[in-house]
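Structure first, then comments.
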Amino acid sequence: MNNEDSKIQPIGRPSTGATSTAEDVLKKTADMGAETYAKAEKVVTDAYGKTADAVQKTYHQAEKFSVENPGTTILIAVGVGVGLGFLLGASYRRGGAGRFARPVVHALSDIASEYFR
C-alpha cells in the first residue's frame, strides 16, 4: 500500500499528496469562526428576547398592582423614599442615623417585595 494513498483526504477534494495546506486550514478556521459567531448571535438574541419579555411582564404586573392598590403603592413609594433618604444621609455624615438606616431600608424592601409577588 502506498503511503500517500493511505492519508485521509477531505471529501470532494482531489488527493494532492499533502494532508492539508495552509489555505485549507485558514478556510476551516474561518468557517468555524463564522459558525461560532452565528451560534453566539442566536444565543444572545434569544437571551435578550427572554429578558425583554420578563421585564415587560414584571412592568405590567407592577402597573396592574398600582392601579388596583393606589394607597399601598403610595405608602411603598413614601417608605422607599424615606429609606433612601436615611441611607443617603447616613453615607454623607457618619452619625447615629447610619445604625438604623440599613435595617429600615431592608424592612421596607422586604415589604415591597412581598406586595409585588
If we check side chain to side chain contact (heavy atoms under 4.5 Å, CB included) with I76, which of these qualifies: V78, V80, T73?
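Of V78, V80, T73, side chain to side chain contact (heavy atoms under 4.5 Å, CB included) with I76 is met by V80 alone.
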Kindly determine whether K42 and D46 satisfy salt bridge (Lys or Arg N to Asp or Glu O under 4.0 Å), including the steps that lead there.
CA-CA 6 Å; K42 183 181 182 325; D46 291 346; 3.0 Å; yes
Can you measure from [atom1] ([X]) to [atom2] ([Y]) and round to the nearest 0.5 angstrom?
X: L26; Y: D31; atom1: CG; atom2: CG; value: 9.5 Å
X: E35; Y: K28; atom1: CD; atom2: NZ; value: 13.5 Å
X: Q56; Y: Q61; atom1: CD; atom2: CD; value: 11.5 Å

When you group the ILVMFWY residues by side-chain heavy-atom contacts below 4.5 Å and let the links chain together, are I74 and V82 in the same group?
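Yes; tracing contacts between hydrophobic side chains, which count when under 4.5 Å, links both residues.
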Would you mind reporting whether K27 and E23 have side-chain heavy atoms less than 4.5 Å apart?
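Yes, close enough: below the 4.5 Å cut-off.
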